[in-house]
Amino acid sequence: MLIPSRASGFHLPSSEITPKDVYEGRRDLLRLMAGGAAGAALASWAGRSALAQTLPPRPGKQAPLQAARSAVPGAVSLEKPTSYLDATSYNNFYEFGTDKADPARNAHTLKTSPWTVEVEGLVRKPGKYGLDDLLKLGAQEERIYRLRCVEGWSMVIPWVGYSLAELIRRVEPQGSAKYVEFVTLADKATMPYVGSRVLDWPYTEGLRLDEAMHPLTLLAFGMYGEMLPPQNGAPVRLVVPWKYGFKSAKSIVKIRFVEKEPSTAWNKAARQEYGFYSNVNPEVDHPRWSQATERRIGEDGLFAKKRKTLMFNGYEAQVGQLYTGMDLKKFY
Ligand SMILES: Nc1nc2c(c(=O)[nH]1)N[C@H]1C(S)=C(S)[C@@H](COP(=O)(O)O)O[C@H]1N2
Ligand SMILES: [Mo]
């Protein structure tokens, strides 16, 4: 049921708003107006819906799916998924700009076909996979994961893909392989910010081999039942739901098995702020802000209501044992 809100004239579903929200929302609104920021907040909100009018067409069906829903423990969150519009218009993909709206505006230039992913380093069966062959290496299924960004916001997204472990088993890592490095596309011709000094390109990431082998670590090809749109890392990306979002590398071109902990784009940019592990941990603050709470995208704006951040982003039961005995303040 829709009820009119007398204060604003907006229509809000009654199921999603409580008197307390209304009260707190109005108080926030008054505070913002007193500070002169309401105009700016409303303008950026309007900007987002205006952006929706200009977005390229959605990419279309991701097929075939082996399972509509995953049987991997913890892989299907019961939380309400973030809207498709929010998940595809509020992104971090620095190759296309540093503003959250830049990837949706700019990433249509990304050329995802042909696409090759090279598997190299300490494996018995290295090789180059075209996207179609890569798609067939594992049983694709839907997983609903929370993804939390180190900046303090989160989303709930239905991804499509298979466990990276399926690929890893096929290429047979050698005994000396202890880490996996992910290298992503850095193409100046199609990615306007590659070459800028914000990061050292290509964007790279890494996982310990056992983290990479954990069944929750997803090699994703789609979201919301469709192929990944460019701004979310088409045609293939990683999703590591218990780590800060930046570990989930987009538009991967190389998967390399190595002996030593690889350095990553964010470690190189600011070692004090972004460690190799980057597990979501409400008890370890970022040097410049707390990590104890988060804002769920779609629940933001003037009715902002923060959530408590959960240890390992809520995946502690599944992944906690990977870190027993480790000092998580030292290995942040
Ligand atoms: N290649 C590449 N991958 C990337 C990034 C990036 O800038 N470049 N940003 C990371 C960050 S900081 C986050 S929070 C997530 C955002 O994923 P989403 O836009 O699909 O929500 O992508 C990660 N993967
Ligand atoms: Mo992020």
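Quick caveat, the model's predicted, so the values are computed rather than measured.
A salt bridge links R307 to E299: one of the charged nitrogens lies within less than 4.0 Å of a carboxylate oxygen. A salt bridge links E211 with K243: at least one charged nitrogen is closer than 4.0 Å to a carboxylate oxygen. The residues K125 and E172 are annotated as salt-bridged, a charged nitrogen and a carboxylate oxygen being separated by less than 4.0 angstrom.
Note that NZ of K329 and CE of M326 are 14.0 Å apart. Values are rounded to the nearest 0.5 Å. Separation of atoms CD (E283) and CG (L328) is listed at 8.5 Å; rounding is to 0.5 Å. Note that CG of L78 is 8.0 Å distant from CD1 of I144, once rounded to the nearest 0.5 Å. Remark: R296 CZ to E79 CD distance equals 4.5 Å, nearest 0.5 Å. Interatomic distance, OG of S154 versus CG of N313, reported as 7.0 Å (0.5 Å rounding). Here L207 contributes atom CG and T264 contributes atom OG1; the two are 10.5 Å apart, rounded to the nearest 0.5 Å.
Ring geometry for Y315 against Y145 counts as perpendicular: the plane angle is over 60°, on a 0 to 90° scale with 30° as the lower cut. Ring pair Y274/H286 is tilted by interplanar angle, where 30° to 60° counts as tilted.
When atom types are taken as modelled, the side chain of K128 and the backbone of V117 share no donor-acceptor pair closer than 3.5 angstrom. Checked by atom type and distance alone, the side chain of N91 never pairs as donor or acceptor with a backbone atom of K100 at under 3.5 Å. With S70 contributing its side chain and A67 its backbone, the two residues share no donor-acceptor pair below 3.5 Å. When atom types are taken as modelled, the side chain of K250 and the backbone of Q231 share a donor-acceptor pair closer than 3.5 angstrom. With hydrogens and angles ignored, the 3.5 Å screen pairs no side-chain donor or acceptor of T184 with any backbone N or O of S251.
Between W201 and Y193, a ring centre-to-centre spacing not shorter than 6.0 Å is recorded. Between F93 and F96, the ring centre distance stays below 6.0 Å. Checked against the 6.0 Å centroid threshold, F246 and Y203 do not count as a close aromatic pair. Taking the centre of each ring, W266 and Y94 come in below the 6.0 Å mark. Aromatic ring centroids of F276 and Y179 lie under 6.0 Å apart.
Counting only residues at least two apart or in different chains, salt bridge (charged side-chain N to carboxylate O under 4.0 Å, His left out) contacts with residues 214-236 comprise R58-E226.
By the 4.5 Å heavy-atom criterion applied to side chains, Y162 and P215 are not counted as neighbours. Side-chain contact between P229 and T88: present, with at least one pair of heavy atoms (C-beta onward) separated by less than 4.5 Å. The shortest distance between side-chain heavy atoms of L137 and R170 falls below 4.5 Å. Side-chain contact between I168 and L209 is present, with at least one heavy-atom pair separated by less than 4.5 Å. The side-chain heavy atoms of L110 and D187, taken from C-beta on, include no pair separated by under 4.5 Å. The side-chain heavy atoms of M223 and N232, taken from C-beta on, include a pair separated by under 4.5 Å. Side chains of V253 and W115 form a contact here, defined as non-hydrogen atoms less than 4.5 Å apart. When side chains are defined from C-beta on, E141 counts as touching V72, because their heavy atoms get closer than 4.5 Å.
The nearest pair of heavy atoms linking P202 to V183 is CG-CG1, 3.7 Å. Across every non-hydrogen atom of R146 and G314, the tightest pair is NH2-CA, 3.6 Å. Of all heavy-atom pairs spanning M213 and A165, the tightest one is O-CB, 3.4 Å.
By the neighbour-count criterion of 12 heavy atoms within 6.0 Å, atom CZ of R197 is sparsely surrounded, having that number or fewer from other residues, nucleotides or ligands. Dense packing is recorded around NZ of K268, with more than 12 heavy atoms of other residues, nucleotides or ligands lying under 6.0 Å away. Counting non-hydrogen atoms of other residues, nucleotides and ligands closer than 6.0 Å to NZ of K61 gives a total of 12 or fewer.
One hydrophobic cluster holds both L238 and L322 under the rule that ILVMFWY side chains link at heavy-atom gaps under 4.5 Å. Y224 and V156 fall into different hydrophobic clusters, where Ile, Leu, Val, Met, Phe, Trp and Tyr residues are linked whenever their side-chain heavy atoms come under 4.5 Å apart, directly or through other members. Hydrophobic clustering, with ILVMFWY side chains joined whenever heavy atoms are under 4.5 angstrom apart, groups I255 together with V171. Residues F221 and L65 do not share a hydrophobic cluster, defined by chaining ILVMFWY side chains whose heavy atoms lie under 4.5 Å apart. Linking ILVMFWY side-chain heavy atoms closer than 4.5 Å, directly or via other members, places L219 and M227 in two distinct hydrophobic clusters.
Grouped by direct or indirect side-chain proximity (heavy atoms under 4.5 Å, Ile/Leu/Val/Met/Phe/Trp/Tyr only), Y332 sits with V284.
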Stepwise side chain to side chain contact (heavy atoms under 4.5 Å, CB included) check, L218 with L164: CA-CA 5 Å; L218 186 71; L164 177 66; over 6 Å; no
Mind running ring pair (Phe, Tyr, Trp, His ring centres under 6.0 Å) on W153 and Y90 for me, showing each step along the way? CA-CA 10 Å; W153 47 266; Y90 191 90; 5.2 Å; yes
Tell me, with the steps shown, if E259 and S176 meet side-chain hydrogen bond (donor to acceptor under 3.5 Å, both in side chains). CA-CA 6 Å; E259 189 166 356; S176 52; 5.1 Å; no
As a quick check of understanding, evaluate side chain to side chain contact (heavy atoms under 4.5 Å, CB included) for S163 and R143, giving each step before the final call. CA-CA 10 Å; S163 293; R143 305 206 180 159; 2.8 Å; yes
Passes side chain to side chain contact (heavy atoms under 4.5 Å, CB included), K308 versus E294? Steps please. CA-CA 6 Å; K308 275 194 170 168; E294 68 202 50; over 6 Å; no
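In the model, T204 has no side-chain atom that pairs as donor or acceptor with a side-chain atom of R256 under 3.5 Å. In the model, Q291 has a side-chain atom that pairs as donor or acceptor with a side-chain atom of R148 under 3.5 Å. Side-chain contact, E151 with N92: a donor N or O sits under 3.5 Å from an acceptor N or O.
Checked options Y244, Y277, W242, Y323; the residue passing with F312 is Y323 (criterion: ring-ring contact (aromatic ring centres under 6.0 Å, His included)).
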